[in-house]
Structure formats: structure tokens, C-alpha cells
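Data first, discussion second: the structure below is written as C-alpha cells.
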Number of protein chains: 2
Amino acid sequence: MNNLSEQNYIQQISIDTVLFGYEEKQLKVLVPKLDFKGDFWALPSGFVYQGEDIEQAAERILRDRTGISNIYLEQFRVFGKASRNSMEFLDRLIELNPEKLGEKRHKQQEYDWFTQRFISIGYYALVDISKVVPQKNTLDESIEWYALHELPVMIMDHRQIVEAALQALRSDLDEKQNAFNLLPETFTMKEVQELYETIFDKPFVRTNFQKMILDLDVLERLEKKFTGAANKAPYLYKFKK
Amino acid sequence: MNNLSEQNYIQQISIDTVLFGYEEKQLKVLVPKLDFKGDFWALPSGFVYQGEDIEQAAERILRDRTGISNIYLEQFRVFGKASRNSMEFLDRLIELNPEKLGEKRHKQQEYDWFTQRFISIGYYALVDISKVVPQKNTLDESIEWYALHELPVMIMDHRQIVEAALQALRSDLDEKQNAFNLLPETFTMKEVQELYETIFDKPFVRTNFQKMILDLDVLERLEKKFTGAANKAPYLYKFKK
DNA sequence: AGTATATTGTATATTTTTTATACAATAATT
DNA sequence: AATTATTGTATAAAAAATATACAATATACT
């Protein structure tokens, strides 16, 4: 651990991010695994510098893990139960990693900082998964995309945070057209439909879906995409804006 | 000021509440005025105790100002700009109230606590305005309901917080039926319509509005209400649940 | 080259929902 | 008993959502 307790962070506030990507007809979430014994997976998280907007902090946390800026971000909820702290998780972490973390008392200051009760601001983010090269940070053993239905067991309430983020994403889709942020630069209508079917976990009727999306008037039609398949080639579209 | 800096509050986190009521066909907001020279109006605000859920904190803040519990509450957004602090406001407050607040340096600790950069969690709440007897707290000169269109100039970004709360209220109305929390125990359909027209600032067609509301299937029809007017008496309804 | 096949784009029919209009019921007043 | 202003409900018209039909087409297969 770095000397987090000495850095210029706001105390007791954390940012937890749920980064969604879309690949192989599945919604995926970027989840780092901690470089400690014991299989600990946690959402990309961080803290807010004194001179930093909370949105900047969320951007920074994601930029550090993805290498890309200008990620589509939405603040969706604050998790503020008094019982919300990492004491249980940290005790187990230390118990399983005595050689690395040493005796509690030798790291008391650091330990105390971490076991404070934290109020966490939840952000979800959407990316074109092909643009991201996941970046381990110093605490990570790995960082990988996990399909939503195959998420590993996560620490604390991180699983519930993912669930709340998914609900927010679905709900936002009614007014915002943010789903297109999950797709590559260009895509076919079929790909859009598969994405929507994945997000809402229900089928759409092809012809009406096509009309509905085109009526949104947010797509620009490009050239055709010839795949070599023995059928009519679909048009490519891009999200205008 | 009490010794806020010595109390067991989480630092740099505040709760700002926008309490909506409905009276005389107007949406109103409960706004205390500070008991200092200089006309300072601020939203009912407060801090979070170490052992307290953020929602409990919001409830407590509103209970203290209204005397009632079980207020309908919704967390709607976090305001977290780095530039968000009360320094400007406090400087002016002290400047205008030297006899009461004394020299800055004599209250340095208190002053420092207040001028920290705060991240504020916004809650809006809905009440039956007739149930509330506004309670001044020790810092208030007055506390009054102000029509949304006649709000006094408020400190810091509190006016924008009200605006964001109103937007959230409107947006939530699509899925939740929380508007009924603004009405008294029983009400006529006309009163419901007037409330909706006030919230959305647009007219509804009476017959279709009535059907729409009844189709929600959240109202229970009671006896008629005889007002003495020379026309058919309307039914009273109550919000079931 | 001509036919077959799977998919795509669009048009149209059908159903449902929303909005507009009509009208009977009724609580006082005259 | 007729009059008036509202209320409750029914129905007509318009719009939106959903279902169905079909022509266009990129390639494979004969």
C-alpha cells in the first residue's frame, strides 16, 4: 500500500466505478483482482483529491485503468450506510497475507485510514471495449473483463453496486441514447439490436426495432458492409453527435 | 455557532435538502433565513454523524425543521465541484456581523471547518404542507415556505440545487407516483390535476387526466365531498399504500 | 448464367394507446 | 321544475406501437 493516509485525499469519500463494455453479445464489467492471496475482486475505485471535482476523480480512476479519456460517465447513486466499511474485508486480507502486510499494528495508520466508514459515490461508464487495454495498477494481480453473468464474488457491497449501475443504465436508456457508447465507431443495425437485447434481456422484433432506432434520428448511414455471406449486405451506421 | 468542528461529523460531506410542499396551487420550498445581518437564505442542511446512514441524516435534518418523521425522501444528485465551498459566503457573513462573529482569528477552527470544500448529497422530500409546523433552529431568524417562483436569493449553489431537485421530481413522476405525498389525506380529482399542472407547468385535459390517474390504480374512492356549490359533488380519494 | 437461400430494408395492416369530443348525472339556485 | 356549473363516464378520432408481408440483394450452388 502507498501512504494513502498521507495523500491529499478527502477522507471517508470514495468513488466506485462500474465500467461496462460489450463483446461477444455480452455486457461485461472491468474488474481488477487484488495482488494478494485470497481471491479479492473489487471495482475500480479511488478517492477524491482536495482540489478535484468528483467527476474528474471518476474520470481519473477510469483513465488509469483503461488508458483512455473522454469516457462516457454517469453518476448514479451514493452508497452511504453507516455500516459501510472495509474492516471485515481488510481483516481477512491481512490474515491471509501476513508476510506482505505484516502485523496490523505496524501499519496502524494505514489500516485506520482504510477501515474508516466510507461514503461511496457510484459512477457507471460505457466504453467501446476494443479501445481499452486494461491497465493493472500497483495493487492489481490482474484486471479483466467479466461477463455480467459470470462476475466473480466481489468484496464488500461491490456486487450490489454493479446491480444498481445496470438498473441505472437501463433506466437512462429511455431518455439518453447512451448505449451507442458501447459500440465501435461503425456498426450494423443487427448489432444495435443485439446490444439492446442484451441490455434489456429481452427480444425485439427486428423490423420495428429498426424503425424505432432510425426514428431516433441519431444515426448516420454509411456504406454497406459486405461480409461474404450469401445474403443482402447490411448498411453500416455511426452514432452522430 | 456550536462547536461543529468538535462534533462527531464526517468531514467535508454535507446533506442539502429541498423540501417541497403544495399550497394555494403552488409548489413551495421550505427555506430558513439565517439569524444574521445580511439576508442569507439557505436550504435546510446538515452533516452526517459517523454512525449514521446518509438517509438517516437527511431524515434527521428534515425532522428537526418540520417536526415530522417518515417524510418521503429521494436522493437525487451529488454536488461535488472542487470549487464548491462556503468561503465567499462566510467572509461576507463575518464582515456584516463583526459583533456577533468577532474577528476571524478568534474562531479560526470553526471557520476552517466551515470553509472546507464540501461534497453535498442532495435529497428532495415531499410533504403535506398542512402537517408541517416549520421549526427554527438555533441559527435561524425565520423559516418559511416560499413559492418556487418567488424564492429569495440563496447562498452558494442552493438555487441550482432546488432546480435540480425539481427536475428530479418531474422525472421520477413517470415511474413513481410520489406526487400524492404532496396532498392531504383526502383530495378530489380536480386537486390532483391542479397539482400535476403545477408540477409540470402545463395543462392537462380533464377527462383524460381523470382516466389516466384512475388507471394507475393507486387511489381509493371515498364518499362525496359536498361543498355547497351548485353542481355535482366530486368524490374524495385517498392514496392507497 | 440462372436459381436458391438467408438476410435486410421498407411498406402496410392490425392492434393498442393516447387524445379529443359528446353527453348524462347531479348539487345547489332560481 | 327549470337553470347552471361541474363531474363522471362513454365513445370517436388520431397517433403510436406492434405484427405481417414482401421486394431487394450478396453470395452459393447447380
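A, B, ... follow the sequence lines: proteins, then strands. Residue 1 opens every chain. Just so it is clear, the model here is predicted, and its values are computed rather than measured.
- Residues from residues 187-198 of chain A placing a heavy atom under 4.0 Å of any atom in DNA chain C, listed by number, are A/K190.
- On a pure distance criterion of 3.5 Å, no polar donor-acceptor pair joins the side chain of B/R221 and the base of D/dG8.
- Note on ring orientation: taking the six-membered ring where Trp is involved, the planes of A/Y124 and A/F76 are tilted (angle from 30° to 60°).
- Taking the side chain of A/A233 as heavy atoms from C-beta on, and the options C/dG9, C/dT21, D/dA26, the nearest nucleotide is D/dA26.
- Residues B/A230 and B/P234 both approach DNA chain D. Their nearest nucleotides, taken by heavy-atom distance, put B/A230 toward the 5′ side.
- What separates CD of A/Q210 from P of D/dT20 is a distance of 18 Å, to the nearest Å.
- On a pure distance criterion of 3.5 Å, a polar donor-acceptor pair joins the side chain of A/T207 and the base of D/dT20.
- The residue B/K224 sits close only to the backbone: its heavy atoms come under 4.0 Å of sugar-phosphate atoms, none of a base.
- Looking only at side-chain heavy atoms (C-beta outward), A/T188 and A/L236 come within less than 4.5 Å of each other.
- Side-chain atoms of A/R206 lie closest to C/dG9 of the nucleotides D/dT9, C/dT7, C/dG9.
- Listed by first and then second residue, the ring pair (Phe, Tyr, Trp, His ring centres under 6.0 Å) pairs involving residues 156-192 of chain B are B/F180-B/F187, B/F180-B/F239 (not counting sequence neighbours).
- Taking the side chain of A/N231 as heavy atoms from C-beta on, and the options D/dA26, C/dA27, D/dT18, the nearest nucleotide is D/dA26.
- For A/K25, the salt bridge (charged side-chain N to carboxylate O under 4.0 Å, His left out) partners are A/E194, not counting sequence neighbours.
- Taking 4.0 Å as the cut-off between side-chain N and carboxylate O, B/D157 and B/K81 do not count as a salt-bridged pair.
- In this entry the distance linking NZ of B/K232 with P of C/dC23 reads 16 Å, nearest Å.
- If you take CZ of A/F209 and P of D/dA17, they are 14 Å apart, rounded to a whole angstrom.
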